[in-house]
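Following: one structure in structure tokens, then a few remarks.
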Amino acid sequence: QVQLVESGGGLVQPVGSLRLSCAASGMILNIYSMGWYCQVPGKQRDLVATISSTDSTNYVNSVKGRFTTSGDNAKKTMYLQINSLKPNETAVYYCYLDAIYYEQVGGTFEISRGETWGKGNQVTVSS
């Protein structure tokens, strides 16, 4: 089974910076997509950025030029560098991974595909 462990959130002042990390564990065979979402209490989870297995990135318009996502295949870790943070970007940030992986079922391993989410990282932008 794949697990994602996030770190790096916290309190930051407006126009400050933060780097979020998302470390994957498990026997991953192939990655379809991965990226970041954010969610404010009471609202839906919104896409922030995606990164492909070939390091091609996409961002929503509101974060272009300020957010950068990257990956380290050797460490199986994905990063989100957030610069020039705004108070309205206070949210819980989640990483996700859509991949094919080996899953232990009883005494054997089976190939499965699924979407895995991190538990989320609170980012608070406030002076």
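Taking the side chain to side chain contact (heavy atoms under 4.5 Å, CB included) definition, one finds that V92 meets it with Y94, Q122, sequence neighbours left out. With sequence neighbours excluded, no residue forms a disulfide bond (SG atoms under 2.5 Å apart) with C38. For Q81, the side-chain hydrogen bond (donor to acceptor under 3.5 Å, both in side chains) test picks out N83, with sequence neighbours left out. Under the rule for a side-chain hydrogen bond (donor to acceptor under 3.5 Å, both in side chains), the partners of S52 that lie at least two apart in sequence or sit in another chain are T54. Residues forming a ring pair (Phe, Tyr, Trp, His ring centres under 6.0 Å) with Y37 (at least two apart in sequence, or on another chain): Y96, W117.
The CG atom of N30 lies 10.0 Å from the CD1 atom of I28; values are rounded to the nearest 0.5 Å. Between atom CG of residue L47 and atom OH of residue Y59 there is a gap of 11.5 Å, rounded to the nearest 0.5 Å. Expressed to the nearest 0.5 Å, how far CG of L85 lies from OG of S17 amounts to 6.5 Å. One distance of note links CG of L80 with CG of L18; it measures 9.0 Å at 0.5 Å rounding. To the nearest 0.5 Å, atom CG of residue N58 and atom OG1 of residue T50 are 4.5 Å apart. In this structure, CG on L29 lies 10.5 Å from OH on Y101, to the nearest 0.5 angstrom.
Pairs engaging residues 39-58 under the ring pair (Phe, Tyr, Trp, His ring centres under 6.0 Å) rule: none recorded [sequence neighbours left out]. Pairs of residues two or more places apart, or lying in two chains, never qualify as ring pair (Phe, Tyr, Trp, His ring centres under 6.0 Å) while including a residue from residues 63-91. Among residue pairs with one or both ends in residues 4-14, none qualify as side-chain hydrogen bond (donor to acceptor under 3.5 Å, both in side chains); sequence neighbours excluded. For the side-chain hydrogen bond (donor to acceptor under 3.5 Å, both in side chains) condition, the pairs that include at least one residue of residues 63-77, sequence neighbours left out, are W36-T69, N61-K64, R66-E89. Among residues at least two apart or in separate chains, there is no salt bridge (Lys or Arg N to Asp or Glu O under 4.0 Å) pair with a member in residues 45-56. Residue pairs meeting the disulfide bond (SG atoms under 2.5 Å apart) criterion with at least one member in residues 68-127, sequence neighbours excluded, are C22-C95.
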(Q) Determine whether T124 and V12 satisfy the following criterion, side chain to side chain contact (heavy atoms under 4.5 Å, CB included), listing intermediate values before the conclusion. (A) CA-CA 6 Å; T124 302; V12 62; over 6 Å; no
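Considering T116, L4, I51 as possible partners of M34, the one that fulfils the side chain to side chain contact (heavy atoms under 4.5 Å, CB included) test is I51.
Contact record, P14 with S126: CD-C, 3.6 Å, taken as the closest heavy-atom pair.
Between V123 and L11 the shortest side-chain heavy-atom distance does not fall below 4.5 Å.
By the rule that hydrophobic residues join a cluster once side-chain heavy atoms approach within less than 4.5 Å of another member, I31 and V5 end up as members of separate clusters.
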Mind listing the side-chain donor-acceptor pairs of residues 104-113 below 3.5 Å, one per line with the distance, residues two or more places apart or on another chain?
residue, atom, partner, partner atom, Å
T108, OG1, V105, O, 3.2
S112, OG, E103, OE1, 2.8
R113, NE, D98, OD1, 3.1
R113, NH2, D98, OD2, 2.8

